[in-house]
J.: 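One structure is given below, represented as structure tokens, and several questions about it will come after.
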Amino acid sequence: MTDAQSYIEVAVALPVNQTFTYSVPPFLSPFIAVGKRVLVPFGQRRLTGYIMGPAIEAEPSEIKHILDVLDQEPLFPSSMIPFFQWISDYYKHPIGDVIKNALPGGLTLYDYASLSITDRGKTALKNKTVTAIQESVLKLLETGPCRLKHLNDKLNLNLPGALIQTLQRNGWILKTRELRTASTKGRTERHIELGKPVAATDRLSKARRKIIDILGQQGEMSMSELKKQAPSATRLVRALEKDGYLTVRHKRVYRDPFGEPINADTAPDLNTEQQNVIAQVNDRLSQGFATFLLQGVTGSGKTEVYMQVAAGVLNQQKSVLVLVPEIALITQMERRFRARFGERIAVLHSGLSAGERFDQWSLILQGKAPIAIGARSAIFAPFAAVGLIIVDEEHDASYKQESNLRYNARDLAVVRAKQNNCIALLGSATPSIQSYHNAQTDKFIEVNLKQRIQQRSLPAIKIVDLRESMGYRGIRRFISAELHRSIKETLDRSEQVLLFINRRGFANFALCQSCGQAMRCKYCDISLTYHQKANALRCHYCGFSRAATISCDSCGSSEIKKIGMGTEKIEATVQSLFPEARVARMDRDTTTRKGSIFKLLKGLNDQSIDILVGTQMVAKGHDFPNITLVGIICADLSLSFPDFRAGERTFQLIAQVAGRAGRGASPGRVILQTYNPDHFSISTAQDQNFLSFYNQEIHFRKTLKYPPFSRMIHLKISGIDHQLTRDHAAALGELCLSLKTSKPSVYDTVDILGPIESSLAKIARRYRWQILLKGTHANALHQFISRLMADHPKVFNDRRVRVVVDVDPISLL
Ligand code: ADP
Ligand code: ZN
Ligand code: ZN
């Protein structure tokens, strides 16, 4: 930057919705760049900030100057700044904290100080205006930056700290903090090729000749493959290599989550539907921003469409961002992309260590990985320019972050695509009502895959009315005769079964037989769930756990009866019904350990599991060809949720779980047990008729002015003190009302619902209240909340009662 620009705009990670102007002392000027962190004085403190660009407005008299530049290289490209600003405005979140959220965590953990020489330092050195000891330090730094702690070793001296400080103060050296990247060494494998030809006169043993013959016939191969054909290959190859008959190279190998190496694949011949979709997207590629909604039934080959569209974009030297809802699916997507595109892939998700994540981040920053695959936070991948953003399973609620910066990555994908003037491609078998409505109103372009690959039929769904087994006790209440018979038939054919139940644990709750009270969590006022393995009652909201052998809190009776069912109970039941079968369970309780999901998926893959019982985790996108029966134990659990999206969730869940069946050559079937066979979410899911579901659901949304016919902002008010929290909620409610009445012409489209106590009235010791703002005009609604926050900062930043602003909430509990 030139002198004229020696004022910069800095965002600090504080709850303030503005950036600040700082001046740059000349010796730091050469190191200033957008995207680097700086150390700045702020009030009495020193804070880390992010350089946003040259100052918007400089008032030299009052301005403080920055103390240091903390990075050698920018952490994000300047083209992302408008994106951060948009997020800050829309989600009402301080800009500095938006950036902090976007960057890979744990940056400071890896900091270490590095010294480098400045231009001034070089001049000083040339002019010999330095002491002897200063000279030796500067001379060393002229050869390149050096870590502070290595300086003493290299100079074989014991440098006083004051010396470094003097050098810094003179502006001769710069102390930056660099990031140590935990170098994750990739696995490599030996690959063997033929070397010099064997001359007729060469005398080789039979064993050696065999090796050469194998390679001659089959071409280059890995040592492990070769060993399968010639067990003593290791020794022979070494000798042959020495004599020059063979060459050995170390190749990086990528393994899938099951530990198998990923072999390169070639694109299959596309079917007509796939060709049409790809042609439609490609037609728009050169025309700037557009959002496509790809509705393709489960198993219709959406991933193949993603890869082929991506290939076109990569050919134009642009980058591709792929969002996938969760880690197990990321690995599946990664595997398929690696098989097609090789090493040019970075992966971003919470399963990586801080160091690994930073490495992946750097790969993208340096332009070494034009493809990034990840969970919702990958929407922040630091590409300077994106050419395509893919969002797989776009309906999935896990794209919404439910803490701190509450963003929706699916929505941000569209925003980022618009800012980058490129394509967003959202795909799902069961699109969200929101996205489908956008397609109906021409905001998105709808494209379809209606057939499964190779015309495989969608599984037939048979509904079993649970009301008919209400009179039964025990097992037969939840494993109907029909389901029982089908499991048996499937096992007899050596095929696999998936049983889905949307609740963890063994029993729903424990009830006192003498006074009728349910055992509740001390902190959350939520009934506790019985877990048999641990013989404990657990709170599913805060994790509180107590021994199951308790007596009633209210009356002291020790006659506690456990009611209902969950994954653990179904697992135990099924195991007792089919003692020979190998039964496993996949839910949050069995997958807390790193790698445990993959172990379960591997079990399904190599068929060492016959029956898998699980929560919605099993519903998502996995592809296991030998699963031919899916049992939905009780479809009503999600239907009875107090949420306007309950019907949408239920439809999606059923269609998604059902989609796990019959993905291989043998047809699949689904048994759906429910107390509400006539509910339209269930009957339309039975026919997998999305359009029919949509048409009924959208009517209901319209009548009640729910999204997509309105937008919502959820104010969550919580505190430890019951009375204070309630008063705070009441006061905030009053402020909302008076703002609305102050400008009726602007705000008459904003409805204020509440304050009311939340349906989960207490979680982890905190009492919870809420106000729901609902507006048919997005602009008015956003103006409303911005005004409210600007006028009453104290109400939103109270020490004792927390107010969280959740824009476009997904969960209203
Ligand atoms: P979806 O993502 O829609 O559920 P996938 O992309 O996983 O479907 O495709 C299902 C299976 O069909 C995968 O095993 C995939 O490799 C295969 N497949 C996709 N397209 C083709 C094609 N054109 N020809 C043959 N097989 C295909
Ligand atoms: Zn009791
Ligand atoms: Zn609790």
Side-chain angles (χ1 to χ4, degrees), residues 256-258 260 262-282 292-312 320 322-326 328-341 371 373 388 390-396 410 425-432 435 446-459 496 498 601 604-605 616-628 630 652-668 670 685 688 690:
D256 73 1
F258 307 140
E260 310 279 337
I262 299 173
N263 297 319
D265 82 337
T266 41
D269 292 333
L270 298 170
N271 63 29
T272 321
E273 279 194 326
Q274 287 174 318
Q275 283 171 19
N276 282 338
V277 171
I278 292 168
Q280 284 182 69
V281 180
N282 283 346
F292 283 87
L293 177 63
L294 168 58
Q295 196 212 336
V297 296
T298 51
S300 59
K302 290 186 287 296
T303 310
E304 193 56 46
V305 169
Y306 300 153
M307 290 196 294
Q308 304 235 0
V309 174
V320 176
V322 186
L323 301 187
V324 187
E326 62 162 71
L329 293 179
I330 293 169
T331 322
Q332 188 171 310
M333 188 69 78
E334 181 195 356
R335 182 194 147 84
R336 291 176 69 175
F337 269 72
R338 274 209 201 286
R340 187 68 53 85
F341 299 107
I371 304 173
I373 301 176
L388 171 69
I390 294 167
V391 184
D392 191 29
E393 312 284 357
E394 67 87 25
H395 65 277
D396 201 295
R410 191 259 328 270
L425 173 55
L426 316 182
S428 175
T430 52
S432 59
S435 293
E446 183 185 351
V447 284
N448 296 95
L449 294 175
K450 297 200 161 103
Q451 301 286 324
R452 276 189 158 184
I453 288 298
Q454 290 156 354
Q455 305 325 200
R456 273 169 205 152
S457 51
L458 278 167
Q496 292 166 297
L498 193 68
L601 295 177
L604 277 184
N605 197 46
Q616 60 255 41
M617 259 184 198
V618 304
K620 297 187 182 180
H622 305 293
D623 190 2
F624 295 107
N626 199 43
I627 294 177
T628 57
V630 167
Q652 287 164 352
L653 266 175
I654 297 175
Q656 292 287 342
V657 193
R660 299 310 115 222
R663 296 177 68 94
S666 17
V670 178
Q688 311 219 19
F690 174 76

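Heads up: numbering here begins at 1 and tracks the sequence. These figures come from a predicted structure and were not determined experimentally. Each ligand, and each atom within it, is numbered from 1 in the order the structure gives.
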J.: Can we say Arg410 and Glu393 salt-bridge, meaning some charged N sits less than 4.0 Å from an Asp/Glu carboxylate O?
T.: no

J.: Could you pull out, from Asp269, Val305, Ile453, Asn271, the option with a heavy atom nearest to atom 26 (N) of ligand 1?
T.: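 Nearest heavy atom to atom 26 (N) of ligand 1 lies in Ile453.
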
J.: Nearest heavy atom to atom 9 (O) of ligand 1 wins, so pick from Ala429, Gly427, Gly301.
T.: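 Answer by nearest heavy atom: Gly301.
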
J.: For ligand 1, is Gly296 a contact, meaning one of its heavy atoms is under 4.0 Å away?
T.: no

J.: Is Ser300 touching ligand 1 with its side chain, its backbone, both, or neither, if touching means heavy atoms under 4.0 Å apart?
T.: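 The answer is both, backbone and side chain.
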
J.: Do Glu394 and Ser432 pair up side chain to side chain, a donor and an acceptor below 3.5 Å, judged on atom types alone?
T.: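 Per modelled atom types, Glu394 and Ser432 side chains form a pair under 3.5 Å.
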
J.: Which distance, rounded to the nearest 0.5 Å, do you find between the CG of Leu294 and the OG of Ser300?
T.: 6.5 Å

J.: Hey, does Val297 have a side-chain heavy atom less than 4.5 Å from the side chain of Gln688?
T.: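 Heavy-atom side-chain distance check fails, nothing below 4.5 Å.
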
J.: Kindly indicate whether the side chain of Tyr306, heavy atoms from C-beta on, has any atom under 4.5 Å from the side chain of Asp392.
T.: yes

J.: At a 4.0 Å threshold, what atoms of ligand 1 neighbour a non-hydrogen atom of Leu270?
T.: 23 (N)

J.: So is Arg336 close enough to ligand 1, meaning a heavy atom under 4.0 angstrom away?
T.: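 Per 4.0 Å heavy-atom rule, Arg336 contacts ligand 1.
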
